[in-house]
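Atoms within each ligand, like the ligands themselves, are counted from 1 in listed order.
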Amino acid sequence: MKLENNDLEKIIAITREAALAADLPFIFLAIKKEDTPHFEIVFMLPDRLKLVKEKAFLSSVNPFVGRVYEGQGAAFADDPHEGLKNILGRDDIEGLAHELRAKSAGLCPIIVEKNVQGMLLFLAKDNLPRTLKTVESFAKQVASLFTIREFQRLAHDANARSRSMIESSQNLFFTIDTVSSQVKVSPRLEEMTGYTQSEFLQSMNSPDQYVVKDDLQKARDFYRDAFGGKKTEAEFRMIRKDGNQVWFNIISNPIFDSNGKLVAIQGIGKDVSEHKKATWELEKTREREQLKTEFMSVISHELRTPLTPIQGYTDMLLSGGAGPLTNEQKESLTIIKKQSKRLLNLIDSVLDITKVEYGKRIEIKKEPVSLNAIIEEVIDGMNFQFKEKEIKPEVELSPEIETILADEAKTTRVLSNLLGNALKFTPKKGRIGIRTAKVAADAQVEVWDSGVGIENEHLANIFEKFYQVDSSYTRTVGGIGMGLAIVKDIVEGHGGKVWAESGGLGKGTKFIFTLPLS
Ligand code: ADP
């Protein structure tokens with residue numbers, strides 16, 4: 001078994017269960033320190049016994065501990081005072097056993113690959129060998145989880161971890177003695193259900209009384225398996241005393257005596273309502289998202305369908321297929337052609353938005369295209385907006401770049417998003433420019449403006465979905481904060497990079513992206 005982060009917690013949970021199962025007033029778990037005869041205490045119940053905790057450790061030099069250490073099995077002392085004194089090798093804990101009304105003390109080895117790697121020291125309220133048997137069965141459970149190397153690592157990690165964290169466990173622990181039918185539940189029960197222990201034990205005889213009807217079968221199956229001696233787990237809703245429901249996760253472990261007879265059931269319960277609620281909400285959101293995506297893609301498809309014949313017939317008319325055209329007719333048809341292409345692009349961007357929104361990559365179909373032609377076309381398409389803002393775009397195209405291997409429609413979208421933003425965030429009579437350069441094996445494109453600028457703290461975030469710098473300016477120009485997320489997705493899909501630079505508020509912004517030349 002692989003060592004996991006929560007292995008120590010697992011051991012501690014088992015120790016805690018041991019305490020509950022055997023009704024122990026005191027137990028501690030000690031793990032062997034590598035290359036020393038000492039065992040360090042990593043967990044103690046109850047935790048308030050500072051007296052023992054401070055400086056306490058077990059040493060195999062001590063004869064009582066030594067015997068257990070050498071593999072002679074668990075040791076049991078009928079006199080708890082003497083037992084503790086012997087085990088811990090200390091005289092100053094006289095009052096402890098008395099205070100805890102202990103009648104005996106025991107020390108149980110945790111044997112991993114024939115070596116004693118840990119010990120459970122406990123005080124018991126009785127001196128029945130059965131108590132020792134129960135503790136032993138827990139020690140075996142612990143041992144079966146690990147190899148020696150893992151155990152040594154645990155010992156090393158143990159002290160570094162906070163014990164109080166484990167102490168403040170949110171879990172509920174319970175033990176049911178199947179022989180005497182006695183039930184013990186940790187105090188967490190009251191917080192979880194609203195019932196005190198005695199209220200719960202007196203009136204809640206069967207799950208019908210506290211489990212939500214729809215989950216009754218699950219609860220009944222759980223109890224059947226648990227009392228049948230199976231290790232089992234279930235999740236069901238419980239009705240609290242105040243009438244509210246809590247989602248309850250419950251795990252049960254059977255405990256058998258040396259003859260294989262089931263003597264106890266011990267387990268852990270957790271309130272998983274928050275987790276359930278979050279999962280449920282996530283599922284609902286996913287369903288909704290999926291519906292929306294499906295809806296969008298159906299709509300986009302439906303909108304695309306009539307556009308294909310419109311474009312086809314326009315091309316046919318333009319090429320004189322239905323007779324010669326006057327110049328005016330040609331001009332009108334050219335406008336129809338341009339605008340239907342724009343419409344197609346818009347529909348595709350809606351599809352892309354849904355894709356990026358749901359974490360899917362936009363598909364990139366690369367072919368040799370002229371970057372300059374794309375830039376000119378985009379600027380051309382925005383002529384009207386430039387005029388409205390009284391801005392003349394400043395274009396500097398590198399003669400070094402001719403064709404690049406890129407997806408034409410998507411590259412168009414990148415440029416129109418960036419130029420669209422530049423127009424949006426630059427006031428009238430400002431400046432907007434576009435510049436290209438060959439940098440190493442990339443074409444680098446800069447879209448710059450003299451507009452409102454972006455504060456440093458926002459620069460890294462603006463490419464996130466739905467991120468908008470909250471300013472009165474952003475609010476007046478509108479948008480949904482998807483444009484740059486799409487830009488990033490497309491550029492990265494091409495194997496390029498995109499980033500933004502700005503001198504700060506009012507100092508303009510520059511967006512730079514690269515596209516591999518080939
Ligand atoms: P939208 O424009 O729909 O809000 P974008 O993803 O395109 O979404 O942009 C995200 C945010 O980045 C914008 O809301 C704005 O705050 C900021 N931004 C983008 N481009 C510029 C720019 N040229 N100048 C200033 N801020 C910009």
Should the pair Glu287-Lys284 be classified as a salt bridge under the 4.0 Å nitrogen-to-oxygen rule?
-> yes
Considering only heavy atoms of Lys424, which atoms of ligand 1 have at least one such atom less than 4.0 Å away?
-> 1 (P), 2 (O), 3 (O)
N or O pair under 3.5 Å between Leu484 and ligand 1 = yes
Taking the side chain as C-beta and beyond, is there a heavy-atom pair between Thr412 and Glu377 under 4.5 Å?
-> no
Indicate yes or no: does an N/O atom of Val469 lie under 3.5 Å from an N/O atom of ligand 1?
-> yes
Of the listed options Ile462, Thr426, Leu419, Asn421, closest to atom 17 (C) of ligand 1 (non-hydrogen atoms) = Ile462
Tell me which part of Asp449 gets within contact of ligand 1: side chain, backbone, both or neither, using heavy atoms under 4.0 Å.
-> side chain
Is the closest heavy-atom distance from Phe511 to ligand 1 below 4.0 Å?
-> yes
Is any side-chain heavy atom of Ile250 less than 4.5 Å from a side-chain heavy atom of Phe222?
-> yes
Crowded around Asn244 CG? As in, over 12 foreign heavy atoms under 6.0 Å?
-> yes
Hey, what's the ring geometry for Tyr223 with Tyr210, parallel, tilted or perpendicular (30° and 60° as the breaks)?
-> perpendicular
With atoms numbered from 1 as shown, which atoms in ligand 1 lie under 4.0 angstrom from a non-hydrogen atom of Thr509?
-> 22 (C), 24 (N), 25 (C)
Would you say Gly453 contacts ligand 1, with heavy atoms under 4.0 Å as the rule?
-> yes
Charged N-O contact under 4.0 Å between Asp221 and Arg224 = yes
Any Lys/Arg nitrogen of Asp442 or Lys497 sitting under 4.0 Å from an Asp/Glu carboxylate oxygen of the other?
-> no
Atoms in ligand 1 flagged as close to Val452, the criterion being non-hydrogen separation under 4.0 Å = 25 (C)
Any His458 heavy atom less than 4.0 Å to ligand 1 = no
